[in-house]
Amino acid sequence: MAMAVARASRWLTGMAVERLRFRFVEVRDDHGVMLQLRTAYQDLADVQADALSDPMFRSVCRAGRLPAYLAKTLVTVSRAHQPSCWRTLFLIQVCAWKAARPPLGGQRPIAFFTEQPWMQAIVRYGSRFGVTVVPIRRPVHLKAWVRRHLAPELRLWLWALKSRWHAATSFFASGRRVAPAAPGATPRIGVQYYGHFNLKNPEHPSDLFFWQRSSLAGSDLLVLFTEPWSWDPLDAKKWEELTARGMGAVALDARATTLPTAPVFLHRPRWRGKHKEERLRLALPRRGREATWLQDHASDYLALREYWADLVQAYGVRIYVTWFKYDATHCAIADALEQAGGVLAMYQRAYEFNPSPETAVATDLFFGFSKLSAEIERRSGSVIPYHVTTGYLGDHRFGLLREEAGRVRAALQQRGARRVLGYCDENSKADERWHPGHEFMRRNYAFLLERVLTEPWLGLIVKPKVPSTLRQRLGPVAELLRRAEATGRCAVYEGGAAHGSYPPAAAALASDVLIHGHLTAGTAGAECALAGVPTLLVDQEGWVGSPLYRLGVGQVVFTDWEALWKACLEHWARPGGVPGFGDWSAMLDELDPFRDGRAAERMGTYLQWLLEGFKAGKGRDTVMAEAAERYTARWGKDKLVQIGG
């Protein structure tokens, strides 16, 4: 309706109105670099720094990790939902890109954006790129208006009431009540469950991988099902496996479990004016758009901190382990744990080769792969008193995967495959404005599948990031996949709820050469290189600023599929192969200084030392200092550094 009205206004204004159409992969600068990369890795930090320099922001009391929480919230990347600073900056770049193309012929664009906090920083950003940003008043949304005007305590009560309603409705049909939380006096480790179970299969990714490689007892662990996921809830099978090992489990939302008797933590907010008093101590400004934003998010921080403080006290959690760093929630969790005398332990899950405020953390302890990881955290603005270098935390799986990889390779060879390529993708989304779309991915798959169908000596092993939706996302290319599988020379690693249940190394170890289809998301490629397999990267985003380019264009990094295929043929045709082809040795020390298959063991042992200290009744500062001393004595002083603070 809005578009129809806008188009009709042309009769009065003479201004043509059309929908702004663009594709994520097409919005590039003059050097061919996707502008979303520059926005995420460079521009976002600039705008954040501009906003943080505002005296209003700097006036906020330096209480705990609240400043880090607010700074992180300001730049949390959301590609699909408004409001989002990243989304606004990217749209400014889209406007500049559109204006430079025919038929606009370089006219200065004017972009109208709904007002948001620190709008002047965004206006200044737009002017840098020749875009006039005009703020317009935010439309009144009743829900948001009511939320802003509710007291923080009342918002907590309503949120708790909603949780209880879900709990009551979830279990009403069974006629059984939700099991109450059972407070535990003995300190234990809480672990966030994020979709990788695999307790019986240590060769597959598991959220409890560190336990599998340590002497920690099952009774030391409490698994927290934190999200209302319908695709991988706490069910009877998981409960049976957990309890068989002495582990506890609790759902933080009734929708996160299908088990009527599973414990569900239901927070009971206290109405004592506590938040009002604390907000006054935080020296928050009282008027203006920015002031309202600061007050709202400070209230959210206080609510989250109270929620997690109650949770960790109720279940005896003194160490909370998570990898999720892409929003500000962990800041409030860290402060809640500190109040309870515990620590937040985060770990690196993905290789990050470029700093970004989106990936910054404020935690007590961080298990990182290498010194490179520590440097990226420092440049991102993280505050980490104990950054512990462990090596790549999935390296224990390499040896466990070799036997199965050998069987997969042998099956392809029996059908005539003399050479085998492995391929790892990075998923795709339907909305091509905010993500590389399905068509982008289909071209990659089509190229490889057509090679399999035309070359009877070639085998292909595919390790999708999300296997469950692969064929649906492939669309018409799914027919090529079906035909390739029918030859017996193409295999797909299936399984997994959110992400695949097999690691990238599973495909690599069965292949002669592994191809990772994205240079900007280099974790799969790095894992395969650490597994000792020649690994190639395809940079279709044009991110020449990546340090991975040091591995060599035409040897490891390729910018088009035809050049990559030609290089593979040359490598296989030459006795002994092409020197340096797929060789990451120049960077392996930066990726993992150990490379001994013991990274998960190091993390698990460190957590065990912390837990032993808490069980002995020692204070958190003493516990962390003693664990750090033991680690550096065993692995070297250079393996533990302080970042920020």
Asks: Rounded to the nearest 0.5 Å, what's the gap from CD on Glu352 to CZ on Phe369? Could you check?
Replies: 8.5 Å

Asks: Can you pull out every side chain to side chain donor-acceptor pair (under 3.5 Å) where at least one residue sits in residues 551-570? Sequence neighbours excluded, please.
Replies: Asn444-Trp561, Glu570-Arg574

Asks: Does the side chain of Ser428 pick up a donor-acceptor pair with the side chain of His438 at under 3.5 Å?
Replies: yes

Asks: With no hydrogens and no angle check, just 3.5 Å: does a side-chain donor-acceptor pair link Glu203 and Tyr502?
Replies: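 Their side chains do not contain a donor-acceptor pair, so the 3.5 Å distance test is not met.
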
Asks: When rounded to the nearest 0.5 angstrom, what distance separates CG in Leu591 from CG in Leu530?
Replies: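 Rounded to the nearest 0.5 Å, the CG-CG separation comes to 5.5 Å.
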
Asks: Between Phe324 and His330, is the ring centroid distance below 6.0 Å?
Replies: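 They do not qualify: ring centres at least 6.0 Å apart.
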
Asks: Hey, are Arg38 and Gln93 close enough side-chain-wise for a donor-acceptor pair under 3.5 Å?
Replies: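 Yes, a side-chain donor-acceptor pair sits under 3.5 Å.
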
Asks: Please confirm whether Phe440 and His518 have ring centers closer than 6.0 angstrom.
Replies: yes

Asks: For Trp543 and Tyr41, I'd like to know if the aromatic rings sit close, meaning centre-to-centre distance below 6.0 Å.
Replies: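 Between Trp543 and Tyr41, the centre distance is under 6.0 Å.
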
Asks: For residues 387-396, pull every pair meeting side chain to side chain donor-acceptor pair (under 3.5 Å), keeping only residues two or more places apart or in separate chains.
Replies: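 As it turns out, the side chain to side chain donor-acceptor pair (under 3.5 Å) pairs with a partner in residues 387-396, which skip direct neighbours, are Tyr392-Glu527.
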
Asks: Does any part of the side chain of Arg473, heavy atoms only, come nearer than 4.5 Å to the side chain of Val466, both counted from C-beta?
Replies: yes

Asks: Tyr606 vs Phe210, test: ring-ring contact (aromatic ring centres under 6.0 Å, His included). Steps then yes/no.
Replies: CA-CA 10 Å; Tyr606 202 109; Phe210 60 88; over 10 Å; no

Asks: Tyr194 pairs by ring-ring contact (aromatic ring centres under 6.0 Å, His included) with which of Tyr326, Trp323, Phe209, Tyr347?
Replies: Trp323

Asks: Under 3.5 Å, is there a donor on one side chain and an acceptor on the other for Ser370 and Glu590?
Replies: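 There is no such pair between these side chains.
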
Asks: Using the six-membered ring wherever Trp is involved, compare the ring planes of Tyr193 and Phe225 and label them parallel, tilted or perpendicular (cut-offs 30° and 60°).
Replies: tilted

Asks: Identify whether NZ of Lys or CZ of Arg in Arg451 sits under 6.0 Å from the centre of the six-membered ring of Phe447 and within 45° of that ring's axis.
Replies: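 Yes, a cation-pi geometry holds between Arg451 and Phe447.
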
Asks: Does the Ser380 side chain pair with the main chain of Ser356, one donor and one acceptor, at a distance under 3.5 Å?
Replies: yes

Asks: Is the cationic atom of Arg87 (NZ for Lys, CZ for Arg) positioned less than 6.0 Å from the six-membered ring centroid of Trp434 and within 45 degrees of its normal?
Replies: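 Relative to the ring axis of Trp434, which defines the angle, Arg87 lies inside both limits.
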
Asks: Mind checking whether Phe594 and Trp635 have ring centres under 6.0 Å apart?
Replies: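 Under 6.0 Å, so yes.
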
Asks: State which residues pass ring-ring contact (aromatic ring centres under 6.0 Å, His included) with Trp609; sequence neighbours excluded, sorted by chain then number.
Replies: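 Per chain and number, Trp609 pairs via ring-ring contact (aromatic ring centres under 6.0 Å, His included) with no residue.
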
